[in-house]
Amino acid sequence: MVKVLFFARLRQQLGMGETTLEDFSGSLSELRNTLCEQHPDWSPHLQRDDIRMALNQELAETGAQVKAGDEVAFFPPVTGG
């Protein structure tokens, strides 16, 4: 099982803060595509170029490999002021 977390405005846009994927292994990009296939209405939010992904609490590139037991997080860029 892979735990997937959504932060900040993504949480509101997707209507949930976390979900899980059973029996997933592949890249972060493939994980994102799997989520968008399962929830087509999420695609406009998760496929944005400015959305960042973390694997086990560290920023990661889309090609990073995800395996059972990992935690993946999606979050928009942070702004401050």
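Predicted model, so just to flag it, every value in this text is computed and none were measured.
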Looking only at heavy atoms, which two atoms of [X] and [Y] are closest? And how far apart?
X: Asn33; Y: Gln47; value: OD1-NE2, 3.1 Å
X: Leu28; Y: Glu61; value: CD1-O, 3.3 Å
X: Val2; Y: Phe24; value: CG2-O, 4.0 Å
X: Met1; Y: Thr20; value: SD-CG2, 3.6 Å

Straight-line distance of [X] [atom1] to [Y] [atom2], nearest 0.5 Å:
X: Glu71; Y: Glu18; atom1: CD; atom2: CD; result: 8.5 Å
X: Leu46; Y: Asp41; atom1: CG; atom2: CG; result: 9.5 Å
X: Met53; Y: Phe75; atom1: CE; atom2: CZ; result: 9.5 Å
X: Lys3; Y: Thr19; atom1: NZ; atom2: OG1; result: 11.0 Å
X: Asp70; Y: Gln57; atom1: CG; atom2: CD; result: 11.5 Å
X: Leu5; Y: Arg11; atom1: CG; atom2: CZ; result: 8.0 Å

Do Trp42 and Phe6 have ring centroids that are under 6.0 Å from one another?
->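 Centroid separation for Phe6 and Trp42: below 6.0 Å.
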
Ignoring hydrogens and angles, tell me if any N or O in the side chain of Gln65 forms a donor-acceptor pair with the backbone of Gly63 under 3.5 Å.
->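 At least one qualifying donor-acceptor pair exists.
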
Same apolar cluster (I L V M F W Y, side chains within < 4.5 Å links), Phe7/Leu55 =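 Looking at the clustering, Leu55 is in a separate group from Phe7.
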
Taking C-beta and beyond as the side chain, do [X] and [Y] meet within less than 4.5 Å on heavy atoms?
X: Phe74; Y: Leu35; value: yes
X: Leu10; Y: Pro76; value: yes
X: Val66; Y: Ser25; value: no

Is the count of non-hydrogen atoms from other residues, nucleotides or ligands lying under 6.0 Å from [X] atom [atom1] greater than 12?
X: Asp50; atom1: CG; answer: yes
X: Asp23; atom1: CG; answer: no
X: Gln38; atom1: CD; answer: yes

